[in-house]
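Everything on this sheet refers to the single structure shown next.
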Amino acid sequence: MDTEGFGELLQQAEQLAAETEAVSELPHVERNLQEIQQAGERLRSRTLTRTSQDTADVKASILLGSRGLDIFHISQRLESLSAATTFEPLEPVKDTDIQGFLKNERDNALLSAIEESRRRTFLLAEEYHRDSMLVQWEQVKQRVLHTLLGAGEDALDFSQEVEPSFVSEVGVPGRSALDSVEAAYSRQIYIFNEKIVNGHLQPNLGDLCASVAESLDDKNVSDMWLMVKQMTDVLLVPAKDTLKSRVSVDMQMAFVRQALQFLENSYKNYTMVTVFGNLHQAQLGGVPGTYQLVCSLLNIKLPTPLPGMQDGEVEGHPVWALIYFCLRCGDLSAAMQVVNRAQHQLGDFKIWFQEYMNSPDRRLSPATENKLRLHYRRVLRNSADPYKRAVYCLIGKCDIGDNHGEVADKTEDYLWLKLNQVCFDEDGSSSPQDRMTLAQLQKQLLEDYGESHFSASHQPFLYFQVLFLTAQFEAAIAFLFRVERLRSHAVHVALVLYELKLLLKSSGQSAQLLSQEAGDPPMVRRLNFIRLLMLYTCKFESTDPREALQYFYFLRNEKDSQGENMFMRCVSELVIESREFDMLLGRLEKDGSRKPGVIDKFSGDTRAIITKVASEAENKGLFEEAVKLYELARNADKVLELMNKLLSPVIAQVSEPQSNKERLKNMAMAIAERYRTNGIAGEKTVDSTFYLLLDLMTFFDEYHTGHIDRAYDVIERLKLVPLSQESVEERVAAFRNFSDEIRHNLSEVLLATMNILFTQYKRLKGAAAGRPGRPQRTLEDRDMLFSSVCDHLRLHLSTFSAAAAQSSPGSDHVCGNDSIPDGWRYQCQTGSDGGHGNELIKICGSPVCYCLCFGWVMLYSLKYMLCNKPTVQTSGWTGNV
């Protein structure tokens with residue numbers, strides 16, 4: 001059954017194929033099934049594209065419709081826009097039409113000048129926009145750099161681990177963002193700055209900061225500040241170049257001596273704690289001194305003699321162990337006491353040690369040093385006594401490759417041994433394996449070993465000590481600053497070094513926190529001190545601006561790349577960010593006097609700082625704040641200039657409680673009252689514009705509240721619009737001197753004035769009696785008066801336009817730009833008697849031109865309403881736009 005069905009189907013298919021081939025008009029389909037499938041997919045994708053576009057349009061309509069936008073109406077308006085160019089082609093003229101030819105040439109020249117000016121304007125705008133974008137990107141780049149924790153490529157670690165941010169989260173508004181440690185430090189900074197600004201003797205900032213450590217009950221912090229005080233207790237030579245002072249041999253030798261003294265004192269304290277903690281085992285005895293203390297320590301550390309010890313014993317303790325621990329405690333006399341007791345077993349060592357002990361810089365003479373080194377290489381290099389090898393390497397500064405792990409089993413011991421081996425001579429007599437410079441030791445600790453070797457993440461104070469004791473102050477501070485809980489300690493260590501002129505600062509503010517600069521000696525690092533301080537204060541500057549200002553005072557002698565004082569710049573940013581204008585900069589009292597702010601005690605020239613802050617506020621668009629700041633700085637011109645810009649857009653608005661106009665009105669009235677009381681005045685034009693805007697605001701307030709007669713009296717006293725034939729020329733001359741802030745409101749003034757006139761007309765027309773206080777007039781007299789006023793107003797506008805245009809007689813030009821194309825020209829058929837005159841109005845893009853033309857037409861309309869005779873035929877307006 002199925003076979004017969006398929007056979008019949010096959011037969012029908014062959015017949016259909018034969019019939020199709022017989023028809024030559026139809027094209028042959030030469031596609032296989034895969035090609036047909038691909039063609040179908042293409043057709044389907046086109047359909048889906050159209051469907052998705054329709055869906056997108058529907059979604060857009062729903063979204064914008066929910067915001068109150070009529071998509072259908074907007075689409076129709078967009079489709080109705082003409083794509084024609086602004087400048088229409090000029091009409092062709094005959095060859096013999098000289099007047100037309102000259103007119104076309106003149107128009108072409110004007111159009112070319114306009115087009116060139118337009119092109120230059122756009123290019124200039126693009127250039128300004130590009131410069132502004134570059135400045136903004138530079139600021140963004142600085143903020144991004146400020147958020148990087150470390151220096152170099154290690155700072156760009158985009159791991160998934162949650163790490164503390166540079167900028168801590170800002171706490172609840174009104175609460176201090178300072179923790180207890182930061183608050184304790186800030187109090188000491190306040191005390192330090194108070195002494196300086198009051199002209200007292202400058203206190204020791206290190207001592208002030210160290211007193212904070214005593215109150216914290218933290219041994220690590222106390223030891224850190226003890227080390228900082230020890231390392232900075234060097235002979236400071238006044239020098240303008242900190243780098244030259246830091247890399248000098250005398251300064252580096254002083255740093256090494258101070259580091260050795262700190263390590264020796266620390267070990268002696270450790271020895272005393274150990275001995276007094278184990279008195280029964282130590283068997284201290286009653287004889288004071290380092291020798292007896294070391295013997296007691298060996299009773300604890302070496303209760304039984306170790307194998308391999310050489311040259312006998314003294315009081316039951318190995319000789320070289322006693323000598324080593326006496327040296328480790330920094331007591332050369334105690335070590336000499338041991339040498340004297342065992343001098344028969346030590347050979348020439350007593351002579352060498354006496355020379356070493358009497359040397360001011362703990363250095364043997366070259367001849368003695370060579371003898372000792374030769375003896376060490378021949379006899380002692382493979383000695384089984386680790387203490388003897390350590391003492392010889394220490395005295396002779398030899399075999400720097402041996403770390404003496406059996407003896408120096410702690411980081412402090414290793415560091416003490418290596419610092420004793422540092423050489424500063426440049427005679428070249430020492431072989432490379434017997435000579436170590438301070439730079440080599442610094443490189444070994446900072447770069448070769450690094451943070452991982454010392455487990456810096458778990459022992460930050462230890463790694464800080466390693467770097468600081470090897471005179472790598474900047475690297476130590478930068479490392480400690482990256483640990484958020486220890487950041488405050490790092491900042492104040494940097495402040496101490498900065499005040500002592502021992503800190504190497506970066507030359508540019510955009511540098512990384514720790515950087516190397518070209519031309520510096522090897523292993524010299526520089527710290528971006530400005531960036532360090534700004535990063536530290538950004539945490540609490542919004543909640544504790546007073547404390548932030550104390551820290552910014554340290555930047556009073558620093559300048560940025562543009563030469564701007566960093567203290568003024570930071571204060572400016574602080575005031576704008578915190579908005580604490582009154583507290584920081586002071587405030588203006590009602591009598592015009594200025595109440596001092598916090599900034600007054602830091603700077604004698606507070607006006608310059610306030611002006612700087614005001615300029616920054618103005619550049620950021622904070623005009624109201626800028627007005628207050630300029631008034632604090634006694635800059636009346638800028639106060640009135642900004643107030644004019646603020647008042648101009650709002651004077652015609654309706655006054656409502658808590659509105660922008662109401663706030664600006666109160667602000668302007670207070671300024672005007674203070675200036676008149678104190679006799680303060682700005683530049684004449686700005687001053688007159690300010691008071692005229694206040695009067696216009698009064699005019700509009702009376703107008704909006706319905707006090708028509710009062711508003712008319714105000715506009716009449718202002719003499720802004722001529723209301724008599726005699727005042728036309730005077731008003732025309734005065735109008736040319738008005739500023740843009742006044743001109744931009746002319747259309748609103750004209751409209752309000754016309755509404756006032758029309759309201760008065762309707763009121764008089766409906767009532768036979770006149771207004772109380774004025775003589776009664778008949779309705780016909782008032783109609784004639786209003787008609788005359790309208791004619792005078794029209795004459796004023798015509799006269800002004802003619803004077804502005806300076807064009808030929810016979811045409812009324814509101815604008816003197818004869819190059820306006822036809823697309824911006826309008827014609828009005830009118831006459832003074834209501835007949836059909838022919839007057840041409842040319843409108844350019846200036847606001848004044850629009851105002852005058854609008855006022856002209858409205859006055860014609862008002863005259864029509866007043867006199868009941870047609871003066872304007874609106875059907876006569878023509879235009880191409």
Side-chain angles (χ1 to χ4, degrees), residues 150-151 185 204-207 209-210 212-213 218-234 236 242-243 245-247 251-267 269 410-420 422 438-451 453-483 485-505 513-514 523-529 532:
Y185 276 127
N204 190 317
L205 184 58
D207 293 338
C209 293
V212 175
D218 189 335
K219 186 178 184 303
N220 289 324
V221 178
S222 300
D223 291 345
M224 181 197 75
W225 279 111
L226 188 63
M227 175 185 63
V228 171
K229 291 174 62 177
Q230 180 75 35
M231 290 296 294
T232 55
D233 187 16
V234 295
L236 299 177
T242 305
L243 176 63
S245 174
R246 278 279 302 273
V247 300
M251 183 65 74
Q252 290 190 344
M253 291 178 65
F255 285 145
V256 171
R257 284 196 302 268
Q258 294 300 109
L260 289 172
Q261 185 177 350
F262 172 78
L263 290 171
E264 291 164 355
N265 292 337
S266 299
Y267 192 81
N269 292 333
K410 293 183 179 180
T411 303
E412 293 86 348
D413 300 328
Y414 168 81
L415 191 60
W416 174 80
L417 188 60
K418 291 301 178 183
L419 285 172
N420 272 294
V422 170
L438 182 60
Q440 290 174 339
L441 179 60
Q442 291 173 342
K443 181 178 183 301
Q444 185 182 47
L445 298 174
L446 180 64
E447 297 181 359
D448 297 343
Y449 291 160
E451 298 180 17
H453 178 82
F454 295 97
S455 300
S457 58
H458 299 94
Q459 304 180 82
F461 284 106
L462 176 62
Y463 189 60
F464 175 81
Q465 183 185 73
V466 168
L467 296 178
F468 206 87
L469 289 176
T470 53
Q472 301 184 84
F473 304 143
E474 295 74 22
I477 293 171
F479 161 73
L480 201 64
F481 188 79
R482 300 199 328 255
V483 184
R485 61 185 176 86
L486 304 178
R487 188 168 301 156
S488 58
H489 305 305
V491 170
H492 291 87
V493 170
L495 290 175
V496 170
L497 294 175
Y498 176 79
E499 285 298 315
L500 294 175
K501 300 187 182 334
L502 290 175
L503 188 69
L504 294 177
K505 301 171 296 182
L513 193 62
L514 185 68
M523 296 311 300
V524 170
R525 300 290 192 275
R526 291 180 180 266
L527 184 72
N528 194 332
F529 178 70
L532 179 88

Under 6.0 Å between ring centres: does that hold for His489 and Phe481? no
Qualifying salt bridge (Lys or Arg N to Asp or Glu O under 4.0 Å) pairs with a residue from residues 458-471, counting only residues at least two apart or across chains: none
Could you note down all residue pairs passing salt bridge (Lys or Arg N to Asp or Glu O under 4.0 Å) where residues 456-478 supplies at least one of them, sequence neighbours left out? Arg246-Glu474
Distance, nearest 0.5 Å, that separates [atom1] of [X] from [atom2] of [Y]:
{"X": "Thr470", "Y": "Leu446", "atom1": "OG1", "atom2": "CG", "value": "8.0 Å"}
{"X": "Thr411", "Y": "Gln459", "atom1": "OG1", "atom2": "CD", "value": "7.0 Å"}
{"X": "His492", "Y": "Leu497", "atom1": "NE2", "atom2": "CG", "value": "13.0 Å"}
{"X": "Leu445", "Y": "Met523", "atom1": "CG", "atom2": "CE", "value": "8.5 Å"}
{"X": "Leu469", "Y": "Trp416", "atom1": "CG", "atom2": "CH2", "value": "14.0 Å"}
{"X": "Met227", "Y": "Thr232", "atom1": "CE", "atom2": "OG1", "value": "10.0 Å"}

Report the relative orientation of the aromatic rings in Tyr414 and Tyr449; use parallel for angles under 30°, tilted for 30 to 60°, perpendicular for over 60°. tilted
Among all residues two or more places apart in sequence or in another chain, which pass the ring pair (Phe, Tyr, Trp, His ring centres under 6.0 Å) test with [X]?
{"X": "Phe479", "result": "Tyr463"}
{"X": "Phe461", "result": "none"}
{"X": "Phe468", "result": "Phe464, Phe473"}

Quick one: does [X]'s side chain get under 4.5 Å of [Y]'s, heavy atoms only?
{"X": "Leu503", "Y": "Leu495", "answer": "no"}
{"X": "Asp413", "Y": "Lys410", "answer": "yes"}
{"X": "Leu480", "Y": "Met224", "answer": "yes"}
{"X": "Leu504", "Y": "Leu527", "answer": "no"}
{"X": "Arg482", "Y": "Pro460", "answer": "no"}
{"X": "Leu205", "Y": "Tyr498", "answer": "no"}

Taking every non-hydrogen atom, the tightest pair across [X] and [Y]:
{"X": "Gly206", "Y": "Trp225", "result": "O-CE3, 4.4 Å"}
{"X": "Val422", "Y": "Leu438", "result": "CG1-N, 3.7 Å"}
{"X": "Ser222", "Y": "Ala213", "result": "OG-O, 3.6 Å"}

Could you walk me through whether Lys418 and Glu412 pass the salt bridge (Lys or Arg N to Asp or Glu O under 4.0 Å) check? CA-CA 10 Å; Lys418 291 301 178 183; Glu412 293 86 348; over 6 Å; no
Any side-chain to backbone donor/acceptor pair from Ser245 onto Thr242? Under 3.5 Å, distance only. no
Determine whether a donor-acceptor pair (N or O, by modelled atom type, separation under 3.5 Å) exists between the side chain of Arg526 and the backbone of Lys505. yes
Show me, pair by pair, the donor-acceptor contacts under 3.5 angstrom made by side chains of residues 253-261, not counting sequence neighbours?
unit_1 : atom_1 : unit_2 : atom_2 : d
Gln258 : NE2    : Gln230 : O      : 2.7
Gln258 : NE2    : Asp233 : O      : 3.4
Gln261 : OE1    : Gln230 : NE2    : 3.3

